[in-house]
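To keep things clear, I will list the structure first and then write my remarks on it.
Counting starts at 1 for both ligands and their atoms, following the listed order.
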Amino acid sequence: MKFQSTRDESAAKFSAAQVIKQGLAADGGLFVPEEIPTLTADEILTLCKADYPTRAAEILGKFLTDYTKEELLADCRAAYADTAFVGGAAPLVSLDGTVYSMELWHGPTAAFKDMALQIMPRLLSRALVKTGEARTALILVATSGDTGKAALEGYKDIERVKIAVFYPENGVSRVQKLQMQTQTGGNVYVCAIDGNFDDAQSGVKKIFSDKEAAAYLNERGVFLSSANSINWGRLAPQIVYYVSAYCDLLNAGRIQMGDKVNVTVPTGNFGNIFAAYLAKLMGLPIDRLICASNQNNILTDFLATGTYDRNRAFHLTMSPSMDILISSNLERLLYLTAGAKRTAAYMRSLAETGAYTVDADVKRAINVSFKGYFADEEKTAATIRETMEKHGYLADTHTAVALSAAGQYIAETGDKTPMIVASTASPYKFAADVYASLYGEHPADALAALDTLAARTATEIPYPLRGIGERTVRFTDTVPASNMWEAVKNYVNK
Ligand SMILES: *Cc1c(COP(=O)(O)O)cnc(C)c1O
């Protein structure tokens, strides 16, 4: 299996290992497989009998053909071990017999990013060997919270890789800061920036484009790499849980082989929902894909009108991982429906004017599968409350956006098809907002909110967040954004 850019079909094609190491295509496009592999009904039935790591290795093996079955199985067993994903990698919880919550947050940072970031570093480590790379990869990350911690947990103690994470000193929650400051592992570095998230991100981008920095690192046997969500190594593992959920429904006798299911995904960068679409293209019986947005409803508008327009207000919401105006992975859907030439033109228009409008045939093709709905802050809070009242289920703010969208779709269409809703974070990651949504008042203390929420809802704090206030703080550096390169140099020379 070879991979090519979304913007040029005639350009060079690459192996999976090269693509995972490189991240982005040279023309600025994203890597896509040159063909979509198939998943037959017989294969799905065989996967029903397998555990999650085996299901994952089988699906990944269809795309990563330059990795051996043994390598993939060993990596999947290590990534999705019971000790890392307590309670299972992607368990399904039935809310009312039609709507299911697919919980993707049982991993080591209690957020769905773990599903990809537990396996991708292992794939990268092997990619270095497969491509004959002698140097160590240094992963640089600017984070507004969740991705940084998930990347640290994923890359910690992985061979031939180091990771440095920068976060805005006053731009992350107390829980998020503690999660990063107490990070374990011998190859990790965490540093606060005296500035906001944009300062941290600009600083990282500057280091990435600095030729002198590259030369300096090269002399020390190091090269820069990114844990970005547009890397194919992060996307491929996300296909797995849709297949796995279908197997679980079959095993539970809730559906028969071949029955359709619908999927709702709380969407930011469009990676998770695009993975569901790939599962559908492979042959998994998925009918509708519901794209759920918060007040930043640029995708709802795009799916309704065919115009993507980022010239609009940006809203800070209580589902911050979806506060996004550029959904990078949408480019992959455009490629599959419009081809490389038109995708390149749309992306040029986006860069120059902040907007593009797809052709009528492209919009029609997309709307065969995709429909968009959004929930504002009030609706999100109401959904958290109602989900608790009606189903006794505690949903986080992102999951609530998706549950609201799924509900809107079902009310509008009367569609009784089983609906799998991706639940992307533990409610305890956003305990203060979840608490306020349920009880109408903000808890006085962010850390104490976890215990109060657990007591009042009779649910358990997930293991990664338990006793977080008592762990040893290892990283206390704070530097001005202009000194980030100095901090990286110090870390590399340590
Ligand atoms: C990253 C994230 C999302 C958005 O996923 P995309 O793949 O970027 O669309 C939704 N919810 C949570 C909790 C996330 O961390």
Side-chain angles (χ1 to χ4, degrees), residues 30 90 101-118 120 141 143-154 172-173 175-176 179 197 227-242 263-279 289-300 302-303 317-333 370 372-375 380 383-384 395-406 421-431 433-434 462 464-465:
L30 312 192
S101 176
M102 175 171 63
E103 296 181 344
L104 304 175
W105 43 262
H106 289 263
T109 76
F112 118 93
K113 301 286 188 292
D114 290 333
M115 298 302 297
L117 280 166
Q118 281 299 302
M120 145 106 164
V141 181
T143 184
S144 52
D146 275 2
T147 303
K149 177 62 184 177
L152 285 163
E153 273 301 317
V172 301
S173 75
V175 172
Q176 287 174 320
Q179 273 190 300
F197 173 63
N228 208 302
S229 80
I230 52 190
N231 192 304
W232 183 257
R234 275 187 65 178
L235 196 64
Q238 299 184 4
I239 301 168
V240 176
Y241 40 76
Y242 293 103
V263 168
T264 302
V265 184
T267 297
N269 213 8
F270 210 78
N272 199 0
I273 196 167
F274 182 73
Y277 183 59
L278 281 174
L289 294 154
I290 308 302
C291 176
S293 300
N294 63 25
Q295 187 69 56
N296 295 293
N297 56 355
I298 188 165
L299 287 166
T300 318
F302 169 69
L303 291 169
T317 73
M318 59 179 164
S319 46
S321 300
M322 300 158 71
D323 290 344
I324 265 182
L325 288 183
I326 294 212
S327 297
S328 309
N329 272 297
L330 186 60
E331 181 170 345
R332 287 189 161 112
L333 176 63
F370 290 89
Y373 294 89
F374 78 99
T380 306
T383 305
I384 292 175
D396 100 287
T397 49
H398 303 76
T399 306
V401 168
L403 287 169
S404 168
V421 175
S423 173
T424 49
S426 158
Y428 287 92
K429 269 216 107 147
F430 302 93
D433 283 321
V434 168
L465 300 176

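- Protein heavy atom nearest atom 10 (C) of ligand 1, with residue, atom name and distance: Pro266 O, 3.5 Å.
- Between Ala110 and Pro464 the shortest heavy-atom distance is N-CG, 4.1 Å.
- Of the N or O atoms in Asn272, one or more lie within a sub-3.5 Å distance of an N or O in ligand 1.
- For ligand 1, none of its N or O atoms has an N or O atom of Ala111 under 3.5 Å away.
- Which parts of ligand 1 touch Thr267 is read off a 4.0 Å heavy-atom cut-off, strictly below it: atoms 9 (O).
- Heavy-atom proximity to Ala425, at under 4.0 Å, picks out these atoms of ligand 1: 13 (C).
- Tyr428 approaches Pro462 most closely through the heavy-atom pair CD1-CD, 3.5 Å.
- Contact between Ala375 and Ser404 at its shortest, heavy atoms only, is CB-OG, 3.6 Å.
- The contact set between ligand 1 and Gly271, taken as ligand atoms under 4.0 Å from a residue heavy atom, comprises 6 (P), 7 (O), 9 (O).
- Residue Asn269 has at least one N or O atom closer than 3.5 Å to an N or O atom of ligand 1.
- The protein non-hydrogen atom at the shortest distance from atom 5 (O) of ligand 1 is Phe112 CE2, 3.6 Å.
- Contacts with ligand 1 closer than 4.0 Å are made by side-chain heavy atoms of Lys113 only, the backbone lying farther away.
- Closest non-hydrogen pair, Asp114 versus Pro108, comes out as OD2-N, 3.3 Å.
- Classification of the Phe370-Tyr277 ring pair by plane angle, with boundaries at 30° and 60°, yields tilted.
- For ligand 1, the polar-atom distance check against Gln238 finds no nitrogen or oxygen pair separated by under 3.5 Å.
- Counting heavy atoms closer than 4.0 Å to ligand 1, residue Phe270 contributes backbone atoms (N, CA, C, O) but none from C-beta onward.
- Scanning the protein heavy atoms around atom 12 (C) of ligand 1, the nearest turns out to be Thr424 OG1, 3.4 Å.
- Listed for the His398 side chain is a donor-acceptor partner under 3.5 Å among the backbone atoms of Ser321.
- Given atom 4 (C) of ligand 1, the protein heavy atom at minimum distance is Gly268 N, 3.5 Å.
- Annotation for Thr109 and Lys429: closest pair O-NZ, 3.2 Å, computed over non-hydrogen atoms.
- Results of the side-chain contact (heavy atoms from CB on, under 4.5 Å) test with Val401 over Thr380, Thr424, Asp396 single out Thr380 as the only residue that passes.
- By the 3.5 Å distance cut-off applied to N or O atoms, Phe430 is not counted among the residues near ligand 1.
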Practice task
Quick one: do Asp433 and Thr397 satisfy side-chain hydrogen bond (donor to acceptor under 3.5 Å, both in side chains)? Show the steps, please.
Solution key: CA-CA 7 Å; Asp433 283 321; Thr397 49; 5.9 Å; no

